[in-house]
Every structure is written in C-alpha cells, then in structure tokens.
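Step one of this worksheet: look at the structure below.
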Amino acid sequence: MKSMTTAVSVFATAAICAAASATTVDVQFTGTGPGQGVNIVSPGFNGGVFAGVILINATNSSNTVAFQNGAYAVFCCDLYQYANGGVNQYNVVPVSTMPTSAPMGAAAAQAINDMYVFAAGNQYLTADYATAFQLAVWEVVTDFGFGLDLSTGLVQASGYNGTVGAISSALFASINGLGNANIQGVSSIYHQDYIVENSGNIPAPGAMALVGLAGLIGNRRRHA
C-alpha cells in the first residue's frame, strides 16, 4: 500500500511539472488572407464559411524558443468553433491533439504534415490554393481513414471551382507518411484551433505581407 501511494505521488508530481512547462501564448485573430467562401456540410457546422488563410498575432509567449511572438498565417482545424477577435490565451500543442472537440490523432496529423510539404508555401499565395488547402485540412481532420473526398463523408464541401477541386485531389494524393514540415498547433477550449507552420523558428511564409494586403476585419467574428 505504501509503494502504491508513493507511485501515485510521483505520478502526480510529474503531471504538475508537465503542466507547468506547457507553453502558452496570447493569440488574436486579425483577419483573413487568400481564400474564398464555400458551403460546408459537417457534424459541427452547416452553411457558408470562409476557407483559406487566417491571420493571427501571437504575443506573450511563455517560451519563445518553443513558440515565437509575431504575425502568423495559419489554417484552422475545428469546424465546431469560431475565431474570436479578442486576445485569448492558447496552449502550444502537437497537431495530433487538435481539435479540442475531437483530437485527430497521429495518423491524420502526419497526413496534414505531408500536405504542408507538398504545398511548399503555395497555400499562402492564391485564393484557389488556400481554399483547397483549408478544405483538405478539414477533410483529413474529420474523415481520415474513411476515404478523402470533398463530396462524400462527414465533411462535404460545395461552391468551389474546378481548380480548387484539382488542388485538393493533389494534396490528398501527396499523403505518404514521410512529410517532415515544422508544424505545431495552438489550441483553446473556447475558440478556434489553428495549425501554425514554422512555429519556434520564424513566422509562417508571407505572414507579414499578408497582414498588409488582407483587408483586416478586426473584431468581426468569422467561422473558420
């Protein structure tokens, strides 16, 4: 009995230390970059939604080695929650643990990693590519392991053009389990979860340029 008590005590201490070492960062949604409106049918959201680059500003990182402050171009991964214009505290987490409503797991996170490698920064540059990339992320998060197709499954999308469809198909075909992109998640229980590329090193490619070009919408809430 004594040894069990000791083991529990050690486990509790380890858990407290792990929690204390978690990186937190204040995140503010600042607007949108390239992308377009589409229609989504999913368990979490049905209706018109913006699919594309989301712009955020990160401040007050508790560990700037793990996650730097700065402007980022990101993609969201939770169709159950909204972006919020206020400054909200987020946790820096592995992509596999998002979205908080239903974590995608390691296999889906690796698939998203593969798509980042294949896209090679093009997902930040044009509306068609950004839309295709965001739709592909939502599809992988929700339907990975059950066939990746924007017209079937739990997530179904419509209202996009043929170029978006072709790019999304190419992204799905690129999934091979070998990608090694530097991506992390910033996660909140109450607000939209985001996938961030190059966190811990430099802001995502083009993030600062996109901030200047996007036509920021401030505190307006947008499902993303």
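In what follows, every heavy atom counts, from backbone to side chain, and hydrogens, waters and symmetry copies are set aside. Values in this document were obtained by computation on a predicted structure and should not be read as measured data.
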What's the verdict on side chain to side chain contact (heavy atoms under 4.5 Å, CB included) for Ile175 and Met115, showing C-alpha distance, side-chain angles and the deciding distance?
CA-CA 6 Å; Ile175 295 171; Met115 294 194 301; 4.1 Å; yes

Just do the side chain to side chain contact (heavy atoms under 4.5 Å, CB included) check on Leu125 and Tyr129 with the steps written out, would you? CA-CA 7 Å; Leu125 301 180; Tyr129 213 120; over 6 Å; no

Would you sort out whether Leu148 and Val140 count as a side chain to side chain contact (heavy atoms under 4.5 Å, CB included), showing the intermediate values?
CA-CA 7 Å; Leu148 299 176; Val140 168; 4.1 Å; yes

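Between the side chain of Asn60 and the backbone N or O of Val25, no donor-acceptor pair lies under 3.5 Å. At distances below 3.5 Å, at least one donor-acceptor pair connects side-chain atoms of Asp114 with backbone N or O atoms of Leu178. With hydrogens and angles ignored, the 3.5 Å screen pairs a side-chain donor or acceptor of Thr131 with a backbone N or O of Gln36. Checking side-chain atoms of Ser62 against main-chain N and O of Thr24 turns up a donor-acceptor pair under 3.5 Å. Looking only at distances, no side-chain donor or acceptor of Glu197 sits under 3.5 Å from a matching main-chain atom of Gln184. The backbone N or O of Val93 lies less than 3.5 Å from no partner atom in the side chain of Asn91, so there is not a single donor-acceptor pair. The closest donor-acceptor contact from the side chain of Asn69 to the backbone of Ser61 lies under 3.5 Å. Distance alone, capped at 3.5 Å, places no donor-acceptor pair between the Asn57 side chain and the Gln28 backbone. One N or O on the side chain of Ser168 and one on the backbone of Gly165 form a donor-acceptor pair closer than 3.5 Å. Put simply, the side chain of Asp143 gets close to the backbone of Val155: a donor and an acceptor are under 3.5 Å apart.
Ring-centre distance between Phe67 and Tyr72: below the 6.0 Å cut-off. Taking the six-membered ring wherever Trp is involved, the centroid distance between the rings of Phe75 and Phe133 falls below 6.0 Å.
A side-chain N or O of Asp128 and one of Asn161 form a donor-acceptor pair less than 3.5 Å apart. For the 3.5 Å distance criterion, the side chains of Tyr116 and Gln123 fail to qualify, holding no donor opposite an acceptor.
For Val53 against Tyr124, the heavy-atom pair with the smallest separation is CG2-CA, 4.0 Å. Of all heavy-atom pairs spanning Gly33 and Leu55, the tightest one is N-CG, 4.1 Å. Residues Pro34 and Ala130 come closest through the heavy atom pair O-CB, 3.2 Å. The two residues Tyr160 and Val38 make their nearest non-hydrogen contact at CB-CG1, 4.2 Å. Taking both residues in full, the closest heavy atoms of Ile195 and Val137 are given as CD1-CG1, 3.9 Å, listed atom of the first, atom of the second, then distance. Heavy-atom minimum distance, Gly44 versus Tyr80: CA-CE2, 3.5 Å.
In this structure, CG in Leu150 is found 7.0 Å from OG in Ser169, a value given to the nearest 0.5 Å. From Leu171, atom CG reaches atom CG of Asn122 across 10.0 Å, with rounding to the nearest 0.5 Å. The distance from atom CG of Leu135 to atom CZ of Phe172, rounded to the nearest 0.5 Å, is 8.0 Å. The distance from atom CG of Asn113 to atom CG of Asn180, rounded to the nearest 0.5 Å, is 6.5 Å. For the atom pair OG (Ser42) and CD (Gln156), the distance works out to 10.0 Å, reported to the nearest 0.5 Å. Between Phe144 atom CZ and Gln110 atom CD the span is 9.0 Å, to the nearest 0.5 Å.
Here the options are Val27, Asn88, Val186, the test is side-chain contact (heavy atoms from CB on, under 4.5 Å), and the partner is His191; only Asn88 passes.
Under a hydrophobic clustering in which Ile, Leu, Val, Met, Phe, Trp and Tyr are joined whenever their side-chain heavy atoms come within less than 4.5 Å, directly or via other members, Leu154 and Ile40 fall into different clusters.
Considering only heavy atoms from C-beta on, Ile56 comes within 4.5 Å of Ile54 through its side chain. Side chains of Cys76 and Trp138 form a contact here, defined as non-hydrogen atoms less than 4.5 Å apart. Looking at Tyr82 and Tyr190, their side chains never come closer than 4.5 Å, going by heavy atoms from C-beta outward.
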Atom pairs and distances, donor-acceptor, side-chain atoms in residues 97-108, under 3.5 Å, two or more places apart:
from: Thr97; atom 1: OG1; to: Pro94; atom 2: O; distance (Å): 2.8
from: Thr100; atom 1: OG1; to: Ser188; atom 2: O; distance (Å): 3.4
from: Ser101; atom 1: OG; to: Asp78; atom 2: OD1; distance (Å): 3.4

